[in-house]
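Read the structure below first, then the notes.
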Amino acid sequence: MKLLFVSTVVVFWNVENLFNPKPQSNNPSELSFTPGGAHRWTGKRFGGKCLSISKALLSMADSLGGMPDAVGLCEVEDDFCLKQLVDGTLLRKWGYDFVHFDSKDPRGIDCALLYRPDVLGRAVASQRHITDGQDTLATRSFLVAEFDSLAIVVVHLPSKLGDGAQERRLLALRQLGALCDSLMRFKPVVALGDFNDTRSGESDSLMAPMLEVGCAGGGSYKFNGRWELIDRAFAGGIDVESFLVWSTAALSEPDKKFGGVKPRRTYVGPRYNGGVSDHYPIAVSLRRRR
């Protein structure tokens, strides 16, 4: 008898400044991550970071029951970075494809999605800009990937810092909630990403009828010695089987100031630190109709 449902694993990871080491523009942030820039971002360092990302995703397979079916990413510069991940690392044997759009972010970093066409089919992808009613805000757009029986929305919401930050965040959350509500009329939806904030009644109400998936305790990001779960997932119209933060020793280093461990960053200020990101990835297992 053919199974009517199947487990689908979707991962999200803020991979912190995954820049193409070849200069692509005159943007100061992008130029900083080049061989001649302030961070001395070489092809070797870039390749090492991509390899570490692939190893981390492979290490999830035993706990998740197989390789992730889709991987949302943020802080990715361009298609070159994604092509390196899917074709130039250990991920190549799993047949991942990717979708990506250039956003209006002033640093030149965007959301992206790796996915397995043999599992999910081909994505119909689009980006949705955040607007104030007239103009597009200078921030990351939402990435939407629609499959036959699931829509995935990858987000990197505006920071809480700076003038007008709270207004931008509320605009983004309202528009994300409306987008997910619209998509749910046709198929189940999972929206996941870096929300740059922890759970609140405000976010819960603005994302309704989507429900937040999460875990008690722990976190994906450490700020001043305190763990926070700012990498979050919301699901609608679909059963959630599990949620986890992938906080392994390979992605960590000792927290000398506050004790315990913390995610191992690629850079600490201008100093190369050899890690992957200041965030841990999260993984959601969904019970999807075939």
Side-chain angles (χ1 to χ4, degrees), residues 10 12-20 24-30 70-82 97-115 122-147 150-197 202-203 205-210 212 230-236 279:
V10 184
F12 171 77
W13 200 356
N14 179 331
V15 287
E16 193 188 17
N17 295 323
L18 184 60
F19 281 102
N20 181 347
Q24 302 299 304
S25 73
N26 291 322
N27 184 318
S29 294
E30 297 175 53
V71 182
L73 302 171
C74 74
E75 298 207 10
V76 176
E77 181 183 7
D78 60 14
D79 285 5
F80 175 84
C81 301
L82 298 162
D97 201 350
F98 64 85
V99 289
H100 162 261
F101 299 95
D102 288 322
S103 72
K104 301 294 185 179
D105 181 80
R107 288 172 54 206
I109 53 173
D110 313 309
C111 295
L113 183 77
L114 312 182
Y115 72 96
R122 286 288 169 188
V124 177
S126 60
Q127 69 172 330
R128 309 295 176 92
H129 295 297
I130 301 168
T131 73
D132 62 5
Q134 294 182 327
D135 300 317
T136 298
L137 300 188
T139 190
R140 285 78 56 175
S141 55
F142 304 137
L143 184 146
V144 181
E146 296 187 63
F147 303 94
L150 181 67
I152 300 173
V153 184
V154 185
V155 308
H156 186 187
L157 292 194
S159 169
K160 293 190 293 184
L161 304 177
D163 292 338
Q166 185 62 14
E167 289 78 6
R168 288 193 296 272
R169 290 185 54 74
L170 288 175
L171 277 173
L173 272 171
R174 288 193 186 99
Q175 290 169 41
L176 176 60
L179 169 62
C180 291
D181 186 48
S182 176
L183 292 168
M184 281 179 61
R185 298 174 189 175
F186 304 99
K187 62 190 67 179
V189 179
V190 59
L192 69 177
D194 181 351
F195 280 70
N196 260 314
D197 200 4
E202 188 172 59
S203 63
S205 64
L206 291 174
M207 289 298 293
M210 300 279 280
E212 182 161 11
I230 65 174
D231 301 286
R232 301 161 63 190
F234 290 80
H279 292 244

Between Arg169 and Ser159, does a side chain to side chain donor-acceptor pair (under 3.5 Å) hold up when you go through it step by step? CA-CA 7 Å; Arg169 290 185 54 74; Ser159 169; over 6 Å; no
Just how far is it from atom CZ of Arg128 to atom CD1 of Ile130, taken to the nearest 0.5 Å? 12.5 Å
Counting only pairs under 3.5 Å, give me each side-chain donor-acceptor contact of residues 185-194, with atom names and distances, residues two or more places apart or in other chains.
| unit_1 | atom_1 | unit_2 | atom_2 | d |
| --- | --- | --- | --- | --- |
| Lys187 | NZ | Phe147 | O | 2.6 |
| Asp194 | OD1 | Asn196 | N | 2.8 |
| Asp194 | OD2 | Asn14 | ND2 | 2.9 |
| Asp194 | OD2 | His156 | NE2 | 3.4 |

Should Arg168 and Asp132 count as an ion pair when the cut-off is N to O under 4.0 Å? no
Where do Cys74 and Phe12 come nearest, in terms of heavy atoms and distance? SG-CZ, 3.5 Å
NZ/NE/NH1/NH2 to OD/OE distance under 4.0 Å, Arg140 and Asp110: no
Quick one: pull up OG in Ser126 and CD in Glu146 and give me the separation to the nearest 0.5 Å. 6.0 Å
Looking at CG of Leu113 and CG of Leu73, how far apart are the two atoms once the value is rounded to the nearest 0.5 Å? 7.5 Å
Look at the side chain of Asn27 and the backbone N and O of Pro106, then say whether any donor-acceptor pair between them is shorter than 3.5 Å. yes
Using atom types as modelled and distance alone, determine if a side-chain donor or acceptor of Glu77 lies under 3.5 Å from a backbone N or O of Phe19. no
Are any non-hydrogen side-chain atoms of Leu173 and Leu157 less than 4.5 angstrom apart? yes
For the CD atom of Glu75 and the SG atom of Cys81, what is their distance to the nearest 0.5 Å? 12.0 Å
CG/Asp78 to CD1/Ile109 distance, rounded to the nearest 0.5 angstrom? 12.5 Å
Looking at side-chain heavy atoms only, is the closest gap between Leu171 and Leu137 below 4.5 Å? yes
Is any side-chain heavy atom of Asp135 less than 4.5 Å from a side-chain heavy atom of Thr131? no
Out of curiosity, Met207 CE to Arg232 CZ, how far, rounded to the nearest 0.5 Å? 8.5 Å
Check ion pair Glu30-Arg107 (N to O, under 4.0 angstrom): no
Kindly determine whether Phe234 and Phe195 satisfy ring-ring contact (aromatic ring centres under 6.0 Å, His included), including the steps that lead there. CA-CA 11 Å; Phe234 290 80; Phe195 280 70; 5.4 Å; yes
